[in-house]
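A note on names: the letters A, B, ... follow the listed sequences, proteins ahead of strands, and every chain is numbered from 1.
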There are 2 protein chains.
Amino acid sequence: MEKQLHIRELINRLARLDAASAWGGDLNPTQRAVLAYLGRANRFSKSPSHVAEYLGTTRGTISQSFKSLLQKGYVSERRSALDKRAISFELTVKGREITQFSGGLEQSISDLNEHQKLALQTTLTEILKVFLKQNNGRTFGVCNTCIHFEADNPGGFCRLLSESLTQDETSLICHEQNNAL
Amino acid sequence: MEKQLHIRELINRLARLDAASAWGGDLNPTQRAVLAYLGRANRFSKSPSHVAEYLGTTRGTISQSFKSLLQKGYVSERRSALDKRAISFELTVKGREITQFSGGLEQSISDLNEHQKLALQTTLTEILKVFLKQNNGRTFGVCNTCIHFEADNPGGFCRLLSESLTQDETSLICHEQNNAL
DNA sequence: TGCAATAGTTTCGACTCGCTACTAGTTGTG
DNA sequence: CACAACTAGTAGCGAGTCGAAACTATTGCA
């Protein structure tokens with residue numbers, strides 16, 4: 001009881017301090033998080049709804065964020081022909097550049113040894129999985145660990161969406177990803 | 001390079017999801033964090049400045065937060081007689097009740113086994129320590145792990161502030177805490 | 001005594017947050 | 001085929017956070 005409280009507080013404090021140090025340029029932490037997500041998401045998962053679900057916020061808020069990012073030239077919008085309601089946002093060159101930078105926590109984490117990093121990632125992923133299960137949230141994992149994924153040289157194939165994937169795409173985030181039994 | 005990125009994202013996503021689930025009542029996540037800090041801080045560490053430094057934000061913002069918390073009756077203010085500039089905020093009964101609740105991540109963390117929890121806390125603390133060192137931040141650890149602490153039955157004594165501490169106080173957060181060599 | 005440093009507050013503009021209401025496009029069912 | 005139910009995205013509201021800068025009041029130092 002005592003220990004969990006501190007772990008939760010540690011996670012929140014680390015995130016707060018990281019956010020505070022992520023204010024540079026004309027971007028705020030949330031906008032930065034949107035760009036980071038976009039850089040790791042596959043072409044089926046770049047809509048406002050998906051970003052909102054991933055970040056645990058609402059479509060309304062993300063809609064505003066995209067309006068601002070669009071104005072500043074970090075993303076470009078692409079409307080779908082199949083479903084005229086849907087919009088997909090892509091990183092522009094300027095947007096992609098931003099996601100390369102890595103200040104804040106990044107440095108502190110890289111000081112850990114490999115064993116610590118692996119254990120940390122495993123445990124945090126475990127916590128996330130449990131949390132998402134309790135809250136009916138989706139995992140947003142990468143394609144090549146998904147139950148619908150079929151390896152196929154050089155890339156892969158998604159049985160759920162009946163789409164073939166390039167090699168690069170197999171390690172991107174998908175909103176439909178599922179690796180549970 | 002690849003792995004750190006995910007750990008940082010994991011920490012941030014967990015904190016975001018936790019925050020999203022912490023919106024209940026008439027409190028927002030930041031206000032909740034202020035109350036949580038107040039519940040664990042000692043009597044020398046309950047000023048706006050200390051809270052701001054702990055949470056990685058500014059005095060201005062925290063001043064607003066306290067204004068709101070004061071209005072809603074979660075905290076009470078106490079001016080110091082020695083330094084007429086200083087203010088200390090105390091949890092009211094209503095404020096203390098709130099800090100008892102534990103939704104969100106709490107449950108997911110408690111599902112881990114003891115070994116995982118210990119390792120997780122150790123590693124996260126390590127990251128925090130490195131981060132704070134790089135950013136000239138203070139640790140905000142508890143008295144009984146401080147270089148100025150002197151055990152003294154039943155409580156303790158702080159050599160820095162020349163104040164004696166009750167037993168309960170020895171495990172509270174102090175803004176002056178220092179356990180580095 | 002005088003002046004720099006400190007504690008806290010206020011204000012500004014941009015933004016996030018939950019919420020509700022809204023438009024427009026899409027599905028399911030009779 | 002029509003019409004209701006659902007879904008994607010947007011707009012607007014009020015409260016609050018964010019950094020930053022300007023402003024009191026007080027204290028400490030030289």
Take atom [atom1] of [X] and atom [atom2] of [N], then tell me their distance rounded to the nearest Å.
X	N	atom1	atom2	answer
Lys84(A)	dT27(C)	NZ	C1'	16 Å
Glu53(A)	dC17(C)	CD	P	15 Å
Ile87(A)	dT10(D)	CD1	C1'	9 Å
Arg59(A)	dC22(C)	CZ	P	16 Å
Lys67(A)	dA14(C)	NZ	C1'	12 Å
Leu69(A)	dT10(D)	CG	P	13 Å
Phe66(B)	dT9(C)	CZ	C1'	13 Å
His175(A)	dA8(D)	NE2	P	10 Å

Would you indicate, yes or no, if [N] has its OP1 or OP2 atom less than 4.0 angstrom from a side-chain nitrogen or oxygen of [X]?
X	N	result
Thr57(B)	dC18(D)	yes
Thr30(B)	dG16(D)	no
Thr58(A)	dC19(C)	no

Working note: Glu53(B) + Arg59(B), criterion salt bridge (charged side-chain N to carboxylate O under 4.0 Å, His left out); need CA distance, chi angles, decisive distance, verdict. CA-CA 8 Å; Glu53(B) 190 182 352; Arg59(B) 293 192 309 262; over 6 Å; no
Are a donor atom and an acceptor atom from the side chains of Glu77(B) and Ser88(B) found within less than 3.5 Å of each other? no
Just do the salt bridge (charged side-chain N to carboxylate O under 4.0 Å, His left out) check on Glu126(A) and Lys129(A) with the steps written out, would you? CA-CA 5 Å; Glu126(A) 180 65 24; Lys129(A) 215 178 268 180; 5.3 Å; no
Mind checking if [X] touches a base, just sugar-phosphate, or nothing, with heavy atoms under 4.0 Å?
X	result
Ser49(A)	sugar-phosphate
Thr61(B)	base
Leu82(A)	sugar-phosphate
Gln31(B)	sugar-phosphate

Checking only heavy atoms, does the side chain of Arg85(B) share a donor-acceptor pair with the base of dT6(C) at less than 3.5 Å? yes
Nearest to side-chain heavy atoms of Ser65(A), which nucleotide of dT10(C), dC17(C), dT16(C):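 Shortest atom-to-atom distance from the side chain points to dT16(C).
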Distance to the ring centre below 6.0 angstrom and angle to the axis at most 45 degrees; does that hold for Lys46(A) and Phe89(A)?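 No, Lys46(A) does not lie over the aromatic ring of Phe89(A).
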In terms of the nearest nucleotide of DNA chain C, which residue is placed more toward the 5' end: Ala81(A) or Arg79(B)?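 It is Arg79(B), whose closest nucleotide lies nearer the 5' terminus.
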Contact nearer the 5' end of DNA chain C, comparing Ala20(B) with Asn28(A):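 Closest to the 5' end, via its nearest nucleotide, is Asn28(A).
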Using a strict threshold of under 4.0 Å (side-chain N to carboxylate O), is an ion pair present between Glu9(A) and Arg40(B)?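 Yes, Arg40(B) and Glu9(A) are salt-bridged.
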Ranking Ser88(A) and Trp23(A) by the position along DNA chain D of their nearest nucleotide, the one closer to 5' is Ser88(A)
